[in-house]
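Structure, as structure tokens:
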Amino acid sequence: MPELYGDLMITAIVGGAVLDTFTMSWTDDATVVLDDDRIIEVGDSSRDADRTIDAGGGYVVPGFIDAHVHHVLTTMDFHALGRQSPTELAIAMAHLSEAMLRRGFTTVRDCAGDTAGLVRAIDRGLVAGPRIVRAGRAISQTGGHGDIGADPEVRVCACAIHRDGLAVIADSADAARLATRRELREGAAFIKLMASGGVASPTDPFDSVQFTPEEVRAITIETDHRHTYTTAHAYHPEAIMHAIDNGVRCIEHGNLVDQPTAEAMAARDVTMVPTLVTYKAIA
């Protein structure tokens with residue numbers, strides 16, 4: 001069927017063990033044929049190709065998806081992170097993005113951080129990286145989990161950008177609404193808010209509940225109106241319920257979730273993204 005191909009390049013990846021994700025089974029010494037960027041055949045093909053890639057001894061798998069990354073957190077040494085210049089941070093983010101792609105992740109969901117420039121750089125071919133579905137900067141209350149980069153001698157106004165580009169501060173329903181609209185205007189695909197304390201922030205107790213119901217609803221109403229969703233950093237049941245009671249549709253981490261809370265999440269079709277590897281990396 002040569003007419004199927006047109007003028008596009010035909011690539012054959014031969015000799016590798018191919019994973020079938022429908023049956024979760026492997027086919028040894030198989031061939032994957034691509035028409036430009038689309039797979040058109042998998043199996044034992046003898047079709048002529050414009051180029052052939054020898055995958056003998058290797059594996060051919062679909063692109064992986066990582067549902068929770070932070071490009072702006074280029075190191076787990078948070079003290080060192082705070083000392084990076086903007087130039088160092090940009091170079092480190094580019095290096096991290098390329099490393100993600102080389103590990104096989106072709107799509108990642110960035111759950112807080114100023115990555116607009118990185119996305120443009122990838123689109124322009126200046127740096128290699130996966131497709132980034134991004135939240136933009138997270139929204140935090142003063143003293144909340146996202147309030148980690150501010151100089152205590154410098155007061156930041158609502159929606160001011162922290163030096164590390166991770167979050168914006170919003171202390172009222174109006175400020176939360178404005179922060180949400182700004183991040184969506186800047187290209188955020190969804191919005192992240194901080195609903196509980198965390199293990200890596202200096203001023204908020206781990207078991208704190210953050211934001212008022214009015215502030216959370218101001219955010220979730222805006223994302224509903226944009227036909228997208230709000231996700232929330234939340235560890236313990238009280239914070240999780242506070243978030244989902246006010247329109248949050250996804251929970252990040254959820255380490256301390258209990259059965260009643262899990263059942264409430266399931267009943268409302270709320271997704272949870274567990275991130276247990278984070279604590280291994282910090283340790």
Side-chain angles (χ1 to χ4, degrees), residues 11 13 16-19 21 24 32 34 36-39 53 55 58-138 145-146 148-149 162 164-167 183 186-192 198-200 228-229 231 233 250-255 271-283:
T11 301
I13 305 173
V18 176
L19 175 64
T21 54
M24 293 307 295
V32 179
L34 298 90
D36 195 32
D37 61 351
R38 293 184 179 274
I39 296 172
I53 298 173
Y59 298 91
V60 182
V61 298
F64 298 137
I65 298 173
D66 192 330
H68 187 114
V69 307
H70 294 289
H71 282 89
V72 298
L73 300 182
T74 57
T75 173
M76 300 308 289
D77 181 346
F78 297 126
H79 183 63
L81 186 67
R83 298 197 308 270
Q84 288 186 123
S85 71
T87 301
E88 288 176 300
L89 179 61
I91 293 171
M93 287 173 65
H95 177 77
L96 180 61
S97 179
E98 182 174 351
M100 289 179 184
L101 187 61
R102 289 187 177 277
R103 287 194 293 269
F105 291 92
T106 55
T107 298
V108 298
R109 179 173 171 264
D110 192 293
C111 284
D114 183 5
T115 57
L118 177 62
V119 170
R120 290 194 294 269
I122 293 171
D123 288 344
R124 292 174 59 191
L126 300 177
V127 60
R131 171 176 175 257
I132 300 174
V133 180
R134 63 188 185 90
R137 292 175 288 263
H145 184 56
I148 61 175
H162 280 285
D164 60 12
L166 180 71
E183 293 307 310
E186 296 301 314
F190 63 101
I191 293 295
K192 162 88 169 286
V199 299
T228 183
Y229 68 96
T231 192
H233 162 102
C250 184
I251 297 295
E252 310 297 318
H253 313 303
N255 301 50
T271 300
M272 189 175 84
V273 180
T275 59
L276 297 180
V277 71
T278 302
Y279 313 101
K280 180 178 180 181
I282 292 174

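- Atoms NE2 and CG, on His71 and Leu118 in that order, are 5.0 Å from each other to the nearest 0.5 Å.
- Distance CG/Leu34 to CD1/Ile53: 8.0 Å, rounded to 0.5 Å.
- Looking at every heavy atom in both residues, Ala188 comes nearest to Ala135 through CB-O, 3.3 Å.
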Review item, side-chain donor-acceptor pairs of residues 59-68, under 3.5 Å, at least two apart:
| from | atom 1 | to | atom 2 | distance (Å) |
| --- | --- | --- | --- | --- |
| Asp66 | OD1 | His68 | N | 3.1 |
| His68 | ND1 | Glu252 | OE1 | 2.7 |
| His68 | NE2 | His70 | NE2 | 3.1 |

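- The CD1 atom of Ile13 lies 7.5 Å from the CD1 atom of Ile39; values are rounded to the nearest 0.5 Å.
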Before giving the answer on side chain to side chain contact (heavy atoms under 4.5 Å, CB included), spell out for His95 and Ile91 the whole-Å C-alpha distance, their side-chain angles and the decisive distance to 0.1 Å.
CA-CA 6 Å; His95 177 77; Ile91 293 171; 5.6 Å; no

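- Here CD1 of Ile191 is found 9.5 Å from CZ of Arg134. Values are rounded to the nearest 0.5 Å.
- Across all non-hydrogen atoms, the minimal contact from Leu73 to Leu96 is O-CD2, 4.3 Å.
- The minimum heavy-atom distance linking Ala128 with Ser97 is given by the pair O-OG, 3.5 Å.
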Please walk me through it: do Leu276 and Asn255 pass side chain to side chain contact (heavy atoms under 4.5 Å, CB included)?
CA-CA 8 Å; Leu276 297 180; Asn255 301 50; 3.9 Å; yes

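- For the atom pair OG1 (Thr75) and CD (Gln84), the distance works out to 7.5 Å, reported to the nearest 0.5 Å.
- In terms of the side-chain contact (heavy atoms from CB on, under 4.5 Å) criterion, residue partners of Arg83 (sequence neighbours excluded) are, by chain and number, His79, Ala80.
- Distance CD1/Ile132 to CD1/Ile122: 4.0 Å, rounded to 0.5 Å.
- Residues passing the salt bridge (charged side-chain N to carboxylate O under 4.0 Å, His left out) test with Glu88: none are found, sequence neighbours excluded.
- Of all heavy-atom pairs spanning Phe190 and Thr231, the tightest one is CE1-CG2, 3.7 Å.
- Screening residues 108-137 for ring-ring contact (aromatic ring centres under 6.0 Å, His included) gives no qualifying pairs among residues at least two apart or on separate chains.
- Ala138 pairs by the side-chain contact (heavy atoms from CB on, under 4.5 Å) definition with Ala112, Ala167, Lys192, Met194, not counting sequence neighbours.
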Show me the donor-acceptor pairs, under 3.5 Å and distance only, between side chains in residues 100-108 and residues at least two apart or in other chains.
| from | atom 1 | to | atom 2 | distance (Å) |
| --- | --- | --- | --- | --- |
| Arg102 | NE | Glu98 | OE2 | 3.2 |
| Arg102 | NH2 | Glu98 | OE2 | 3.3 |

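- Contact detail for Val72 and Gly165: the closest heavy-atom pair is CG1-O, 4.5 Å.
- Here the closest non-hydrogen pair linking Met93 and Asp114 is CE-O, 3.8 Å.
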Worked check of side chain to side chain contact (heavy atoms under 4.5 Å, CB included) between Arg38 and Asp36
CA-CA 6 Å; Arg38 293 184 179 274; Asp36 195 32; over 6 Å; no

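- For Leu126, the CG atom counts as densely surrounded, since its 6.0 Å shell holds more than 12 non-hydrogen atoms of other residues, nucleotides or ligands.
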